[in-house]
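Before any comments, here is the structure.
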Amino acid sequence: MCGITGIFEYERGRDISRELVHRMNETIVHRGPDDEGIYTDLGIGLGFRRLSIIDLQGGHQPISNEDGTIWVMLNGEIYNYMELRQDLDQRGHHFATRSDTESIVHLYEEYGERCFARLDGMFAIALWDGREGKLLLARDRLGKKPLFYAADAQRILFGSELKALLAGGISKTDVNPSAISDYFSFGYIPAPKTIYRSVCKVLPGHYVVASKSNLRDVSYWDISFAHVEDRSEEEWSEIVRHQVCEATRVRLMSDVPLGAFLSGGIDSSSIVAMMSRIMNRPVTTCSIGFGIKEYNETQYAQQIARLFASDHHESFVHASAIDIVNKLAWHFDEPFADSSAVPTYYVSKVAREHVTVALGGDGGDESFAGYRRYLFDYYENRLRRYVPGWMRRNVFGPLGKYYPPLAAAPRVFRAKATLQSLSRSPLEGYFNSVSIFRPGDKARLFTPDFHRMLGGYDSIGVFDHYYNRAGTDDLLSRIQYVDIKTYLPDDILAKVDRASMAVSLEVRAPLLDHHLMERVASMPSSLKLRGRSGKYILKKAMEPILPNDILYRRKQGFAVPLDQWFRNELKELAHDSLFRANDEIFDSKFLQKIWEQHQGGHYDRSAHLWSILMFRKWQETFAS
């Protein structure tokens, strides 16, 4: 694991300054504290920070071919590099190290741009082809590892984090208004956008080729829900159990201590169960707990630790809200509103005390339909079949607008969001249900001047783009595809990457193995969401291994007590940050309204306030 950065000037008339590359590299030292590597030549500068995992002695980067015409840097791990190496050996290529990175050098020599589709792993790759005078930037299929770039007519800068590009000279004042709008809908900024107009994210499953003549963006992989396999439940259970085990096995390669996150939920418990079957020593497991009962899952983690006799480490976190918001703002580089970044940071910190690599359970909800919103969406779509469109628009729409936001009432009486969603199309309803600021509130959040800057831009277009590309009429599969293309890489995986890299920990996710995900995508939706149960087939697959009270308990999530923080320890800091004079973006009266609603206990506005606070903290950290 590491951080990569660099610069390519198309007119190759002078050497790139090593001082500039070093300055960019220093901003990401937390991603790779063990080693630094810099290579410069006419028009090209490559910078590398290393967290040593494989080939501790010989894994220095950038790494080149024999004549120094091809240079490669890898952030991540290539799980099939030994198979690739054997094939390349037979084809006459010579290796100087045992590192997985060197296999990419020779794979490119053999297959050119087709090499990325042959890689199995999590990666962000920068490859300099000095013979052709081009730079290639590639990202893994699901977007586990980040990669940013800024290109103009003279040069392209790139890096694992935005702060490296800021050190390279991009303007921090060139902020993208549509990215701000997206952020307040989704809580993150969806690729390829970033908070800056001049900077893009390389899309998952894509690579970018920069040369003097042009800039190309190429897709090398996509997931398909178009073809459904007809198999029995028993067959599917066996397939899932086998592929989860195999995906776990290939992620156990390491020359440094390796363990697992353990929350006691089905996903992390499944990974620990598979690790315990494969490894010849007890699995090192790490958990955190919170002092507030409804946010604490430690008893379930302890149950799994006892069942598999793991070497279990547990820490109770008394999170300092004031300290953590500034730390998160610096590590995320752009506004990020998923508050589960807080416990993710703390569990990474605990894990790093014992291991350098941790396996986690990310990806199970997206593939196996584990989110409760999938269930709500399913029942809303069933209602849409029986309620005429005119009634949904003309009756449910107004009811949803004026229905009181009964935050303290039982869920059955909290119908505002459901009524609003039912008045819309399936896609609009899903967009409404996952938005932090739903369309009506977001319209009131911004000033008239900022609305004019947006020029009518609507963030639903992000979802619409993918919803219509899903290649299926199955409504659950379509929103799963949307989530795999947006929420998974730009929220879940960005959160895990930044929080773990903040403490120099590598995290691997077996449930995001693309072979497993492709197979599950060919499964009927009825085996993922059955009745009121998500992850139906994953639970069935794990029944021989995990106890029923783990498999079938209510999903708890990974959360922090935001509502209490904003009424107590965060109150003063949040108020000072939220309310600024001469604000060009937010309507001060609406901010005051939601603040008073939350402080009065009439409405839980903590998610809204957290999103604004993290935006303010980004402004204070990077825009001032």
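Sequential numbering from 1 along the given sequence is applied to the chain's residues. Values in this document were obtained by computation on a predicted structure and should not be read as measured data.
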message: When you compare the side chain of Ser185 with that of Phe431, does any pair of heavy atoms fall below 4.5 Å?
response: yes

message: Check for me whether the distance between the ring centres of Phe463 and Phe186 falls short of 6.0 Å.
response: yes

message: Could you go through Ser606 and Gln564, starting from their C-alpha distance and side-chain angles, then the distance that decides it, and tell me whether this counts as side chain to side chain contact (heavy atoms under 4.5 Å, CB included)?
response: CA-CA 9 Å; Ser606 58; Gln564 299 176 39; over 6 Å; no

query: What closest approach, in Å, do Ala541 and Val240 show between heavy atoms, and which atom pair accounts for it?
result: CB-CG1, 3.9 Å

- request: Compute both the distance and the angle, then confirm whether Arg605 meets the cation-pi test with Phe566: under 6.0 Å from the six-membered ring centre, within 45 degrees of the axis.
  value: no

task: State whether Lys201 and Glu334 are salt-bridged, where the test is any N-O pair (Lys NZ or Arg NE/NH1/NH2 against Asp/Glu carboxylate O) under 4.0 Å.
output: yes

- prompt: With a 4.0 Å cut-off, would you call Lys144 and Asp362 a salt bridge?
  reply: no

field: Ser500 vs Ser348, side-chain hydrogen bond (donor to acceptor under 3.5 Å, both in side chains): CA-CA, chis, key distance, verdict
entry: CA-CA 5 Å; Ser500 61; Ser348 298; 5.1 Å; no

Intermediate values then yes/no, side chain to side chain contact (heavy atoms under 4.5 Å, CB included), Ser459 and Lys442: CA-CA 11 Å; Ser459 295; Lys442 199 168 86 168; 3.1 Å; yes

field: Test: Glu506 and Arg508 ion pair at under 4.0 Å
entry: yes

message: Is there a side-chain hydrogen bond (donor to acceptor under 3.5 Å, both in side chains) between Arg469 and His465? Walk through the geometry before answering.
response: CA-CA 7 Å; Arg469 270 182 44 187; His465 171 71; 3.2 Å; yes

query: Can you check whether His30 and His331 have ring centres sitting under 6.0 Å from each other?
result: yes

task: May I ask you to decide if Ser577's main-chain N or O and Arg616's side chain share a donor-acceptor pair within less than 3.5 Å?
output: yes

- prompt: For His312, what residues pass the ring-ring contact (aromatic ring centres under 6.0 Å, His included) criterion, not counting sequence neighbours?
  reply: none

- request: Would you mind checking if Lys145 and Asp497 are paired as a salt bridge, meaning a charged N to carboxylate O distance below 4.0 Å?
  value: yes

- prompt: Looking at residues at least two apart in the chain, or sitting in another chain, which of them share a salt bridge (Lys or Arg N to Asp or Glu O under 4.0 Å) with Lys539?
  reply: none

task: Check for a donor-acceptor pair, side chain of Thr248 on one end and backbone N or O of Met275 on the other, with a separation under 3.5 Å.
output: no

query: Can any side-chain N or O of Ser160 pair as donor or acceptor with the backbone N or O of Ile4 at less than 3.5 Å?
result: yes

Any side-chain heavy-atom pair of Ile195 and Tyr183 under 4.5 Å: no

task: Evaluate the side-chain proximity of Phe336 to Met614: yes if any heavy-atom separation is below 4.5 Å, no if none is.
output: no

query: For Leu562, does its backbone N or O pair with a side-chain atom of Trp610 as donor and acceptor, under 3.5 Å?
result: no

message: Assess the residue pair Ile545 and Arg241 against the criterion (side chain to side chain contact (heavy atoms under 4.5 Å, CB included)); give the C-alpha distance rounded to whole Å, side-chain angles, the decisive distance to 0.1 Å, and a yes or no.
response: CA-CA 10 Å; Ile545 302 171; Arg241 191 163 50 248; 3.8 Å; yes

- prompt: Which pair of heavy atoms, one from Ala369 and one from Lys528, lies closest together, and at what distance?
  reply: CB-CB, 3.9 Å

query: With no hydrogens and no angle check, is any side-chain donor or acceptor of Ser611 less than 3.5 Å from a backbone partner on His608?
result: yes

message: Please determine whether side-chain hydrogen bond (donor to acceptor under 3.5 Å, both in side chains) holds for the pair Tyr300 and Arg553, giving the CA-CA distance in whole Å, both sets of side-chain angles, and the decisive distance to 0.1 Å.
response: CA-CA 10 Å; Tyr300 303 111; Arg553 71 180 177 91; 4.7 Å; no

- prompt: Hey, is Lys535 close enough to Asp365 for a salt bridge, meaning N to O under 4.0 Å?
  reply: yes

message: Could you check, using the six-membered ring where one of them is a Trp, whether Tyr430 and Tyr467 have ring centers closer than 6.0 angstrom?
response: no

- line: Between the CG atom in Leu591 and the CG atom in Leu445, the distance rounded to the nearest 0.5 Å is 6.5 Å

task: Could you tell me whether Arg373 sits above the aromatic face of Tyr371, with NZ or CZ closer than 6.0 angstrom to the six-membered ring centre and within 45 degrees of the axis?
output: yes

Salt bridge (charged side-chain N to carboxylate O under 4.0 Å, His left out) assessment of Arg251 paired with Asp513: CA-CA 10 Å; Arg251 283 161 179 79; Asp513 181 276; 3.1 Å; yes

- prompt: Salt bridge or not for Lys485 and Asp222, using N-O below 4.0 Å?
  reply: yes

- request: Please answer whether the main-chain N or O of Leu262 pairs with a side-chain N or O of Ser287 as donor and acceptor at a distance below 3.5 Å.
  value: yes

- request: Begin from the C-alpha positions of Asp338 and Tyr487 and carry the test side chain to side chain contact (heavy atoms under 4.5 Å, CB included) through to its verdict.
  value: CA-CA 11 Å; Asp338 187 340; Tyr487 180 68; 4.3 Å; yes

field: Within 45° cone and under 6.0 Å: Lys617 NZ/CZ vs Trp330 ring
entry: no

Ion pair Asp441/Arg438, N-O distance below 4.0 Å: no

field: Side-chain heavy atoms of Thr194 within contact of Asn176, under 4.5 Å
entry: no

message: To check you understand the geometry: which heavy-atom pair defines the closest contact between Leu505 and Val355, and what is its length?
response: CD1-O, 3.7 Å

message: A side-chain contact here means heavy atoms from C-beta on lying under 4.5 Å apart; do Leu142 and Asp140 qualify?
response: yes

- request: Might you point out which heavy atoms bring Ala521 and Phe225 nearest each other, and give the distance in Å?
  value: O-CD2, 3.6 Å

- request: Flag the pair Leu258 / Leu359 as yes when at least one side-chain heavy-atom distance between them is below 4.5 Å, and no otherwise.
  value: yes

- prompt: So Gln302 and Glu314, side-chain hydrogen bond (donor to acceptor under 3.5 Å, both in side chains) or not? Walk me through it.
  reply: CA-CA 9 Å; Gln302 292 165 4; Glu314 184 177 284; 3.0 Å; yes

query: Are Phe184 and Phe615 an aromatic pair by the rule of ring centers under 6.0 Å?
result: yes

query: CG/Asn432 to CD/Glu428 distance, rounded to the nearest 0.5 angstrom?
result: 9.5 Å

message: To the nearest 0.5 Å, what is the distance between NE2 on His575 and CD on Gln592?
response: 5.5 Å

- request: Spell out, as yes or no, whether a donor-acceptor pair under 3.5 Å connects the side chain of Asp490 to the backbone of Pro190.
  value: no

query: Is a donor on one side and an acceptor on the other found under 3.5 Å between the side chain of Arg567 and the backbone of His598?
result: yes

message: Within the supplied structure, the quantity of interest is the number of heavy atoms (other residues, nucleotides, ligands) at a distance under 6.0 Å from Lys349 NZ; does it exceed 12?
response: no

message: For Asp182, is there any backbone N or O sitting under 3.5 Å from a side-chain donor or acceptor partner on Lys193?
response: no

- prompt: Which atom names give the shortest non-hydrogen contact between Gly360 and Val507, and what distance separates them?
  reply: N-CG1, 4.4 Å

message: Is there a side-chain contact between Ile479 and Tyr466 in this structure, where contact means two heavy atoms from C-beta onward sitting under 4.5 Å apart?
response: no

query: Does Leu162 reach the side chain of Phe622, with side-chain heavy atoms less than 4.5 Å apart?
result: no

task: Mind listing the closest non-hydrogen atom pair of Thr27 and Ala164 along with its distance?
output: OG1-CA, 3.3 Å

query: Is a donor on one side and an acceptor on the other found under 3.5 Å between the side chain of Lys327 and the backbone of Ala502?
result: no

message: Is it true that Asp549 and Gln303 share a donor-acceptor pair across their side chains at a distance under 3.5 Å?
response: yes

